[in-house]
2 protein chains.
Amino acid sequence: MPQGAQPRDKVTIIEIADAAGVSKSTVSLVLTGRGSVKPETRERILQVMDELGYVYNRGAANLRNTQSKIVGLVLNDLSNPFFAEFAIGVETVLQMAGYVAFMANTAESVVRQSQVMKMMREHGARGIILCPALDTTAEELALASGPDTALLVAIRRLPGVAASSVVPDNVAGSARITRHLLNLGHRRIAYLGGMSSMVVRQDRHQGFSEAMAKAGVAIDPGLNLECMPTRDGGFSAMSSALALPNRPTAVVCYNDVVAIGAMLAAARRGLVVGRDIAIVGFDDTSEARHVSPALTTIAVDAVGLGERAAAMLLERITNRAAPATSHVGPAELVIRESCGAYQHALTAAG
Amino acid sequence: MPQGAQPRDKVTIIEIADAAGVSKSTVSLVLTGRGSVKPETRERILQVMDELGYVYNRGAANLRNTQSKIVGLVLNDLSNPFFAEFAIGVETVLQMAGYVAFMANTAESVVRQSQVMKMMREHGARGIILCPALDTTAEELALASGPDTALLVAIRRLPGVAASSVVPDNVAGSARITRHLLNLGHRRIAYLGGMSSMVVRQDRHQGFSEAMAKAGVAIDPGLNLECMPTRDGGFSAMSSALALPNRPTAVVCYNDVVAIGAMLAAARRGLVVGRDIAIVGFDDTSEARHVSPALTTIAVDAVGLGERAAAMLLERITNRAAPATSHVGPAELVIRESCGAYQHALTAAG
DNA sequence: CTCCCGAAATGGAACGTTCCATTTAATTTA
DNA sequence: TAAATTAAATGGAACGTTCCATTTCGGGAG
């Protein structure tokens, strides 16, 4: 807008109409592009809007419409690159559909989570994609979704919730990477990280157990170690694992962050990861690639999960009769150095 | 809300009033907490709201109010952990002030940037914190901020824009880390990464040049290498730097991401980073700590910048007479291994 | 010249809230 | 007990849009 007369207070459709010498209805027509209005009139109106610095008031419009174009995206931990990538996937799809994402970070606080979801509904969000904070209960979520706000739960499965869901295949992925270690000849394998109250931990540990059982290898209960899913958690849990009289030869970690902490602990003890001990992760965050030695892990395609989540939510929004559905995304093994597969190949060949 | 009667269509304040046997004005009173209403009446109303699944309609309220509680946060690259941390700082402060952040990712697209800023204003955002996409022009921004939407530009300075701004001290930080390399005895120092059209690159390179000049060390123009600020960019730019007949002994990188790419390229050539060559970064992302060898870099406190940005914007929102201000945040040297300072200390002592 | 028709433009009610000006009820004071 | 005061509750206009039902306009057919 040109330097000139800045309007002090909000300029409305009516002022535009007056200035252009038409009725507010005509202005509304060009705004929505619905009726037919003479091209030169349209031009004149658009020009006036530009001059006066008109800003469309969606709140007022929604009042009659009931059809906003906003979707909420609630993330439990934005500082985790995994969720950032997930968010990017979500945004891409929403944007193409003409929707806009209203995104918020709860930092694992269920209180904050309730607040932002309430806010989003109050602003007329048509749907919400939720990556639930730890300790989220089904009851809380009942409040959050209503007849005109579709809910989709992502990444962390939430038992007892009727919403759609998008999660990676934690069980299969964990089984896959465990099998990889078994194939390399490991038998004393530890499972490390996450708290047993977390659903994701339960799923991943289940995959681990199944793979072990199928291979006929007994699990030492002493090698099931819980810790917070942070680097420091991984570090201290690994330290105690290494202090055991009969320590593991391989460690399946809850996720990459824990694995990196565990690698640090092993290095501190003078062990060369990938030679003296195998350590593997889950998620394939960008750090997994850059850490040294590079981490063998399970790739779950965060962006793809985000895209899928957005697409599924949009489907439920546009076709409100559509039933809640669930999607389980693929989890693929990425072999790098931390498992010692390369070393192993050398010795096996030699 | 209990399993019972799910209302098919939106329930309004009037229906609540009818069901509770009061007038809509009274319901409004309890909603806003403004007038005085008998405790038992309030209770009854609240209970009815709960039963019917009432959702407050902020759009309608803002229609009279003109006072929303939303602030827009526009990020140019969410996949960069630096911006994720910045966002966390912003959110923390906004939340405490009772505001909610409406956050969007532009992925460096100025088109998308205009779209989301327009959307935010249309939804009544009181202010916008913008981390501008590359190639953002001052004209575009003039459209984006109006008399009732305060604008704050963050991280990337934008010459010719009248808005408030929050940026780290790129010049001083870059000079600081260059001095560190000079103190270690380096003389052939390259500057690597970023495109010269980027304001941030200009500032950081200026700090580099000033430090070199002050030390009386000439800059070899052949050691000023541009590349996209990505890991791959850093990798290939570093590869060509190493192919030079008289290659540098130290490299100041545009940021951590570029530095990590550069480290990979050096390792690929068989060089031990921190011994055979020094490489340093800028930003102090979490990766800088975990990469091996750990990266010497400049910490700019992304979270702190975010907090500051939010506080400054809120100030302008609540006190609309307040003038636009600028804040330049500290940039501190973090010495780790990639610069070889530790090695250096050993040899110097021995 | 009148009639008719489609195109273009318009007036007004409605959306869900707030808030001012009132009314009604409850309580205190003289 | 009446008057004065305070607390509690209410009706209605207004906010900026949309959209239905109308009206006006501009020509072409009869």
Side-chain angles (χ1 to χ4, degrees), chain A residues 7-46 48-49 52-70 118-119 121-125 146 148, chain B residues 7 9-46 48-49 52-70 119 121-125 146-149:
Chain A
R8 272 305 102 196
D9 43 349
K10 269 198 163 61
V11 18
T12 80
I13 209 181
I14 297 189
E15 297 170 54
I16 301 297
D18 289 352
V22 295
S23 76
K24 62 180 172 36
S25 303
T26 308
V27 179
S28 174
L29 253 28
V30 355
L31 239 27
T32 59
R34 248 182 267 278
S36 61
V37 22
K38 193 154 48 164
E40 70 184 53
T41 313
R42 174 195 310 278
E43 271 321 305
R44 185 157 34 100
I45 292 176
L46 288 173
V48 171
M49 294 202 300
L52 300 188
Y54 170 72
V55 176
Y56 185 72
N57 185 331
R58 248 163 234 281
N62 287 347
L63 208 47
R64 280 202 56 109
N65 243 10
T66 307
Q67 296 292 51
S68 92
K69 282 292 193 180
I70 95 178
K118 182 152 163 277
M119 267 288 190
R121 295 189 69 194
E122 292 179 354
H123 279 290
D148 33 43
Chain B
D9 43 350
K10 270 197 163 61
V11 19
T12 82
I13 208 182
I14 297 190
E15 298 170 53
I16 301 296
D18 290 351
V22 295
S23 76
K24 62 180 171 35
S25 303
T26 308
V27 179
S28 175
L29 253 27
V30 354
L31 239 24
T32 61
R34 246 180 268 278
S36 61
V37 20
K38 190 155 49 164
E40 70 184 52
T41 313
R42 174 195 311 280
E43 270 321 306
R44 183 157 36 99
I45 293 178
L46 287 174
V48 171
M49 293 203 299
L52 300 189
Y54 171 72
V55 176
Y56 185 71
N57 184 334
R58 247 162 234 282
N62 288 345
L63 208 47
R64 279 200 59 106
N65 245 10
T66 308
Q67 299 290 56
S68 93
K69 283 292 194 181
I70 94 177
M119 265 290 192
R121 295 190 68 196
E122 293 178 355
H123 278 290
D148 32 44
T149 312

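Naming: A, B, ... by sequence-line order, numbering from 1 per chain. The basis for the numbers below is simple: all heavy atoms, side chains too, and nothing from hydrogens, waters or symmetry mates.
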* Decide yes or no for B/Arg121 and B/Asp148: does some side-chain heavy atom of the first lie under 4.5 Å from some side-chain heavy atom of the second? => yes
So OG1 of B/Thr26 and CD1 of B/Ile16: to nearest 0.5 Å the spacing works out to 13.0 Å
The reported gap from CZ in A/Arg58 to CG in B/Asn62 (rounded to nearest 0.5 angstrom) is 14.5 Å
Here the pair of heavy atoms bringing A/Val48 nearest to A/Ala20 is CG2-CB, 4.0 Å
Correct closest heavy-atom pair for B/His123 and A/Ile70 would be NE2-CG2, 3.4 Å
Output for pair (B/Glu15 CD, B/Ile13 CD1), nearest 0.5 Å, gives 11.0 Å
Closest heavy-atom pair, A/Leu52 versus A/Ala19, reported as atoms and distance to 0.1 Å, is CD1-CB, 4.3 Å
Solution key, residues 28-40 of chain A side-chain donor-acceptor pairs under 3.5 Å, sequence neighbours excluded:
unit_1, atom_1, unit_2, atom_2, d
A/Thr32, OG1, A/Ser28, O, 3.0
A/Thr32, OG1, A/Leu29, O, 3.4
A/Thr32, OG1, A/Arg34, N, 3.4

Residues of residues 12-21 of chain B with a heavy atom under 4.0 Å from any atom of DNA chain D, listed by number, are none
Here the pair of heavy atoms bringing B/Ala60 nearest to A/Leu63 is CB-CD1, 3.5 Å
Of all heavy-atom pairs linking A/Gly124 and A/Ser68, the shortest is O-OG, 2.6 Å
Bend of the helix from C/dC1-D/dG30 to C/dA30-D/dT1 from end-axis comparison, five pairs per end, nearest 10°, comes to 50°
Chain A reaches DNA chain D, atoms under 4.0 Å from its heavy atoms, from D/dG16 to D/dC19
Within residues 26-34 of chain A, those residues having any heavy atom closer than 4.0 Å to DNA chain D are A/Ser28, A/Thr32, A/Arg34
Where do N or O atoms of nucleotides 23-29 of chain C meet protein N or O atoms at under 3.5 Å, pair by pair?
none

So NZ of A/Lys10 and OH of A/Tyr54: to nearest 0.5 Å the spacing works out to 11.0 Å
Next on the checklist: Is there a side-chain contact between A/Arg44 and A/Val22 in this structure, where contact means two heavy atoms from C-beta onward sitting under 4.5 Å apart?
Outcome noted: yes
Note: for B/Lys24 and B/Ala60 on DNA chain D, the residue whose nearest nucleotide lies more 5' is B/Lys24
Residue pair B/Thr12 / B/Asn57, side-chain heavy-atom distance below 4.5 Å = no
Residue pair B/Arg44/A/Gly59 against DNA chain D: nearer the 5' end by closest nucleotide is B/Arg44
